[in-house]
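Following: one structure in structure tokens, then a few remarks.
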Amino acid sequence: MNASGRIALGMSGGVDSAVSAALLMRAGYEVVGVTCRFRDNAATERAAADAAAVCSQLGIRHEAPGCVGEFERCVVEPFVSSYAAGLTPSPCVGCNARCKMPALVRVAGELGCDRIATGHYARIARLSDSGRFVVKRALDARKDQSYMLSLLSQEQLARLVLPLGAMTKAEVRVIAADLGLVVAEKAESQDNCFIEGDYRPFLRARGVEDAPGDIVDRMGNVLGCHEGLANYTVGQRKGIGVAGPEPYYVVEKRVETRELVVGFADETLIGSVVVGGMNWQAFESLGESYGAMVKLRYRSRPCACIIEPEDDQRVSLALRSPQPTTAPGQYAVLYDGDTVLGGGMIEEVMHA
């Protein structure tokens with residue numbers, strides 16, 4: 001990674017973005033650390049202070065612009081409305097493409113930066129045949145965050161630099177320690193940056209009502225009563241409140257009838273999903289069937305599938321083998337080897 005010019009680095013106050021700053025400086029960039037303030041809370045202030053301390057150590061400029069309105073509009077409001085509609089949202093994937101990257105690009109322009117960078121564990125490549133930019137898996141499979149970047153646009157990818165894509169977390173820690181960075185031993189940040197602990201009080205405070213309804217099996221037999229669909233997640237096993245000869249799992253949430261559908265383990269397996277809002281990275285659109293691998297959740301194992309295009313932004317995925325259920329509102333990310341083909345939101349799941 002040898003380059004020059006001014007680059008805006010998104011800094012969360014953690015060790016990954018701190019080491020990214022040092023690596024970019026070694027590569028010849030003039031680095032500006034940018035900590036977008038997406039929330040008005042103590043955690044945001046601590047993150048900004050830690051990032052500022054790192055920048056001071058490295059002798060680079062640090063900016064901390066306020067972005068609360070953007071975050072509320074692009075992340076929090078869709079999260080709340082998705083739960084109210086019976087979905088199980090995955091806010092971080094959408095946040096990267098629709099809030100964090102646009103905010104970083106905007107600030108970069110104001111600062112006169114040609115490029116942007118983050119501390120994600122993934123790689124950016126340009127396809128030789130089409131010239132399109134794609135995300136590729138990190139070399140460290142345990143830290144790979146390519147799934148989280150699957151919605152990034154060509155314009156965003158063209159400007160993005162990812163210094164950690166070929167590194168392990170252990171190597172990053174060593175560099176941080178060698179440089180004496182104040183965040184060298186800082187713990188990993190939590191996944192959801194705007195909810196601490198239980199998400200249900202947050203939803204209630206935002207007006208999502210806990211309307212009661214029936215707990216039913218897949219045949220429609222009433223097994224019990226729930227206190228609100230937003231309290232449950234598809235695939236959940238514990239805390240459902242009904243007993244059977246074997247554990248029940250949440251299979252489906254029916255908003256129209258307020259029914260929580262449960263089933264035994266073998267009833268949770270799915271054979272296909274419908275995905276909408278597809279963002280294609282490897283090609284402009286898909287006009288015919290295509291064999292690929294798919295991750296149905298961030299932490300799930302990839303499985304083989306056949307992509308059947310319905311239109312430019314909607315596909316159905318026939319899974320080669322039954323998979324543990326996922327929930328509408330999660331993201332399906334498609335891969336060909338290490339290359340992200342694209343990603344979109346799961347709209348429907350069909351049981352095996």
| request: Go through the steps for Y83 and Y199 under the test ring-ring contact (aromatic ring centres under 6.0 Å, His included), then give the verdict. | output: CA-CA 10 Å; Y83 259 110; Y199 66 92; 5.0 Å; yes
| Taking 4.0 angstrom as the limit, do E227 and R204 come out as a salt bridge? | no
| field | Shortest non-hydrogen contact from G263 toward T268 | value | O-CG2, 4.5 Å
| said: Contact between Y335 and S146 at the side-chain level, heavy atoms closer than 4.5 Å - yes or no? | reply: yes
| query | Taking side chain as C-beta onward, heavy atoms only, is C113 less than 4.5 Å from I7? | reply | no
| message | As an exercise, state the distance from CG of L260 to CD1 of I240, rounded to the nearest 0.5 Å. | response | 7.0 Å
| query | Between V294 and A332, which heavy-atom pair has the shortest distance, and what is it? | reply | CG2-CB, 4.0 Å
| For atom CG of D40, is the number of surrounding heavy atoms from other residues, nucleotides or ligands below 6.0 Å larger than 12? | no
| query | Is the centre of the F264 ring less than 6.0 Å from the centre of the Y249 ring? | reply | no
| task | Please determine if R173 and E185 form a salt bridge, counting it only when a charged side-chain N lies under 4.0 Å from a carboxylate O. | result | no
| said: So does E267 get a backbone contact from the side chain of H351, meaning a donor-acceptor N/O pair under 3.5 Å? | reply: yes
| remark: Closest non-hydrogen atoms of S289 and E308, given as atom of the first, atom of the second and distance, are OG-OE1, 2.6 Å
| Which pair of non-hydrogen atoms, one from M167 and one from I175, has the smallest distance, and what is that distance? | CE-CD1, 3.3 Å
| query | Would a 4.5 Å heavy-atom cut-off, applied to side chains only, mark I306 and Y290 as touching? | reply | no
| query | Looking at R106 and E110, does any basic side-chain N land under 4.0 Å from a carboxylate oxygen? | reply | yes
| field | Check: M148 main-chain N/O paired with N96 side-chain donor or acceptor under 3.5 Å | value | yes
| query | Would you say L334 and V275 make side-chain contact, with heavy atoms under 4.5 Å? | reply | no
| field | Nearest non-hydrogen partners of P89 and Q330, listed with the distance | value | O-NE2, 3.6 Å
| Nearest atoms (heavy-atom pairs only) where R115 meets A158 | NH2-O, 3.8 Å
| Interatomic distance, L179 atom CG to L58 atom CG [nearest 0.5 angstrom] | 7.0 Å
| task | Return yes when atom CD of Q154 has more than 12 non-hydrogen atoms of other residues, nucleotides or ligands closer than 6.0 Å, and no otherwise. | result | yes
| request: Verify the distance criterion only: is there a donor paired with an acceptor across the side chains of Y121 and D16 at less than 3.5 Å? | output: yes
| message | Taking atom NZ as the centre, does K100 end up with more than 12 heavy-atom neighbours from other residues, nucleotides or ligands that are less than 6.0 angstrom away? | response | no
